[in-house]
Amino acid sequence: MNPFALFADRVRAAVTALAAESGVAGALDLSKIAVEPPREEAHGDLAVNAAMVLARDFKAKPRELAERLAKKLGELPDVKKVEVAGPGFINISLDPAFWLRVLGAIIDTGADFGRAAIGKGERVNVEYVSANPTGPMHVGHGRGAVFGDALANLLAFAGYDVTREYYVNDAGAQVDVLARSAFLRYREALGDKIGEIPEGLYPGDYLIPVGKALAEQHGRDLLQKPDEVWLPVVRAAAIDAMMDMIRDDLESLAIRHDVFFSERSLSSGAVDKVAATIEDLRKAGHIYEGRLPPPKGAPVEDWEDREQTLFRATDFGDDVDRPLMKSDGSYTYFAADIAYHRDKIERGFTTLIDVWGADHGGYVKRMSAAVAALGGGKVTLDVKLCQLVRLLRAGEPVKMSKRAGDFVTLREVVDEVGKDPVRFMMLFRKNDATLDFDLAKVIEQSRENPVFYVQYAHARAKSVLRNMAEALPGLDLSPSGLRSAPVERLTDEGELRMVKRLAQWPRLVEQAAAAHEPHRIAFFLHELASEFHTHWNRGNDLPYLRFIMPDDSILTLARAALVHGVAAVLASGLAILGVRAPEEMR
RNA sequence: GGCCCCGUAGCUCAGUCGGAUAGAGCAGCUGCCUUCUAAGCAGCAGGUCAGAGGUUCGAAUCCUCUCGGGGUCACCA
């Protein structure tokens, strides 16, 4: 049940009827009509902008049209009061009984309350993390990982058919560097003195076990072999080990991808998909051989003016055409990435979401251009950029860890503070805003810590239900028992505020999903938790507002239905965020 | 220099695909409180939404320009 969608339908019907009565000719654009919760509580429950939006079509002044429409809306079921206000808003107050029905809906649908259908089963591919398999994940990767995972959860909850995907950059120069770094550790494992790790190779300790494993498996065999022989072997082993480590790191955050897609597989299979993609685009006229102007501004030292294979990205909104081949004849990363996105499209996805670090922002236009060229307008790409994370401890920047090769690993942070604080805090901020992550604050059990605050609200709600069962053993707190609760006895403003908040949950899910913004879930939960805690505290001063009324089991049952609703929505939202909803906190 | 993101209260940030008098938490000030579960509560004060134009019934939101911060800039991934 989404009250706003329900009333939007009713309002549109009323407008249509009014148009017919008034003899308004032509089609009305009803899509502009919004039925929203008003910002001010004094403005009632629903704000309707129809009169302002359609005044022109009705050849009437907004306020005048509003009056006429208001009269009609006043006849709708569940409507208690209709007022025209401001420039032509129609404010509707609903019968509390209408809102209270939401509690029944929550009891009936359980964890599915708020589940939306806007996705209509559309196949969405969310590509996230995609960290190079050259070392452990750092905190910045973690943000993208958590964001992508929560977004995937959110879209699934909104009715999309979601695939979670990791693009493994196992081709190119960096994994060769990884292989050389691992080879050094291999020699080390065999007793060679390797001294300092040379500049340009990965110095991290995490390659030592890889070297040892190679030594155990191959003995001294690889030492004598030329590069062409040992490098692919060592590279494959190192990539496998790195991916195992990355998967472990992700597992510590409860992140599991459906697909790990290998970049190398694009051109190493029976058909070279990169070549095929370039061929396709060439046939479609999107590729040519030509020269690029040198970059403006900062001069490039080794600029080489040469003819190269270029993608006409400028035809699709990019600033410059983009090279597909390097000077040594191999494909650019971009060329492979086009082939990869083509592969996603061929697998039937119509919405592609890429989650990248903000440092890849310059890459968005060309990828969007490529998808536009590939998808023929039928496929949308949304690139979500995650800004940097600044790691702090009690306000002070955290020192880098030598062991990991000069950065703080995601694993270190998760091990120190736990999965839930990491996930929640990473989602308690818009993805495109920088994030301060304070290791000391996120484990604090205080109001200032939103993780604790929201989780505690859930635990408190569950605790109340347990205490109810204890205080009033005859109370039937089963779903059918709660369903029979006389919710009309919930008349306090704090109670009704929570009820209305709960009723907004389905709408919020739809909007957050449509906007690809999981942080809205986190903020909603924080507000709901805040209202719950506030109401709880009012019980200190006003004992008749307490949830448990030992002398009035019927009223207690009504309040149990409310507490159940709060707990259910908190649990549902936390599940989207991938954060535990604890039964108790001790 | 081009492009992208950001700029909202002293601080950290929300702000509903354009809505009404721009919100929350922290810090500050005033009073109260020690718990049905352990985060104390209520109130006050705090704003040129970086700035200037524009679009329209209406702009923090959309467009243009300026200022400030960050990112990025063929042949890395």
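Quick note on labels: first sequence line is chain A, next is B, and so on, each numbered from 1.
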When you get a sec, tell me which of A77(B), A20(B), A39(B) is the closest nucleotide to the side chain of Asn91(A)? A20(B)
Are Arg56(A) and C57(B) close enough that a side-chain N or O sits under 4.0 Å from OP1 or OP2? yes
Donor-acceptor contacts under 3.5 Å from residues 542-552 of chain A side chains, at least two apart:
residue   : atom : partner   : partner atom : Å
Arg546(A) : NE   : Gly539(A) : O            : 2.8
Arg546(A) : NH2  : Gly539(A) : O            : 3.4
Asp552(A) : OD1  : Arg489(A) : NH1          : 3.4
Asp552(A) : OD1  : Ile554(A) : N            : 3.4
Asp552(A) : OD1  : Leu555(A) : N            : 3.1
Asp552(A) : OD2  : Arg489(A) : NH1          : 3.3
Asp552(A) : OD2  : Arg489(A) : NH2          : 2.8

Whole angstrom is fine here: how far is it from CD in Gln511(A) over to P in G15(B)? 11 Å
Starting at the 5' end of nucleotides 28-33 of chain B, put B wherever the base has a protein heavy atom under 4.0 Å, S where only the sugar-phosphate does, and a dash everywhere else. ------
Measuring to OP1 and OP2 of A77(B), would you say a side-chain N or O of Lys326(A) lies under 4.0 angstrom away? yes
Between atom CG in Leu427(A) and atom P in C13(B), what is the gap in whole Å? 16 Å
G46(B) to U30(B) separation - C1' atoms, rounded to the nearest Å: 15 Å
What does C17(B) pair with, Watson-Crick or G-U, if both distances are under 3.5 Å? none
Looking only at A74(B), C17(B), G19(B), the nucleotide nearest the Pro323(A) side chain is A74(B)
With respect to the side chain of Met52(A), which nucleotide from A74(B), C57(B), C13(B) is positioned closest? C57(B)
Asp321(A) CG to C73(B) C1', in whole Å, measures 15 Å
Atom pair distance, as rounded to whole Å: CE in Met325(A) and P in C75(B): 14 Å
Hey, is the side chain of Arg507(A) pairing donor to acceptor with the base of U16(B) inside 3.5 Å? yes
Re A9(B): Watson-Crick or G-U wobble partner, both distances kept under 3.5 Å, found to be none
Test for a donor-acceptor pair under 3.5 Å between the base of A14(B) and the side chain of Arg429(A), counting only N and O atoms. no
Return the nearest nucleotide to the side chain of Glu263(A); candidates are A39(B), A77(B), A20(B). A77(B)
Atom CG of Asp305(A) and atom C1' of C75(B) are separated, to the nearest Å, by 12 Å
So which nucleotide from A14(B), A39(B), A77(B) ends up closest to the side chain of Arg460(A)? A39(B)
G15(B) phosphate, OP1 or OP2: any side-chain N/O from Lys430(A) under 4.0 angstrom? yes
Using purine N1 to pyrimidine N3 plus N6-O4 or O6-N4 for Watson-Crick, or N1-O2 and O6-N3 for G-U wobble, each under 3.5 Å, what pairs with G28(B)? C44(B)
Would you say the ring centroid of Tyr453(A) lies under 6.0 angstrom from that of His533(A)? yes
Answer yes or no for Arg312(A) and Tyr288(A): cation-pi contact, defined as NZ/CZ to six-membered ring centre under 6.0 Å and angle to ring axis within 45°. yes
Asn537(A) atom CG is separated from U34(B) atom C1', nearest whole Å, by 12 Å
Which value, in whole Å, describes the distance between the C1' atoms of nucleotides C11(B) and U55(B)? 35 Å
Between G15(B) and His519(A), is there an OP1 or OP2 to side-chain N/O distance shorter than 4.0 Å? yes
Is Asn49(A) reaching over with its side chain to a backbone N or O of Ala34(A), donor-acceptor style, under 3.5 angstrom? yes
Evaluate salt bridge (Lys or Arg N to Asp or Glu O under 4.0 Å) for Glu527(A) paired with Arg501(A), printing each intermediate quantity in order. CA-CA 9 Å; Glu527(A) 282 172 50; Arg501(A) 176 79 58 188; 2.7 Å; yes
Neighbours of RNA chain B within residues 354-365 of chain A, by heavy-atom distance under 4.0 Å: Ala358(A), Asp359(A), His360(A), Tyr363(A), Lys365(A)
Is there a Watson-Crick or G-U wobble partner for C36(B) with both distances under 3.5 Å, and if so, which one is it? none
Whole angstrom value for the distance that separates P of U12(B) from CE of Met426(A): 19 Å
Counting side-chain heavy atoms from CB outward, which of C13(B), C36(B), U16(B) is closest to Asp436(A)? C13(B)
Nearest to the side chain of His43(A), which nucleotide is it out of A74(B), C36(B), A20(B)? A20(B)
Between Leu46(A) (CG) and U16(B) (P), how many Å, whole number? 19 Å
May I ask you to decide if Thr134(A)'s main-chain N or O and Asn132(A)'s side chain share a donor-acceptor pair within less than 3.5 Å? no
Planes under 30° and centres closer than 5.5 Å, is that true for Trp303(A) with the base of A74(B)? no
Is His533(A) stacked on the base of A39(B) when the test is centres under 5.5 angstrom and planes under 30 degrees? no
With rounding to the closest Å, how many angstrom separate the C1' atoms on A22(B) and G40(B)? 29 Å
Ring centres within less than 5.5 Å and planes less than 30° apart: is that true of Trp536(A) and C36(B) in this structure? yes
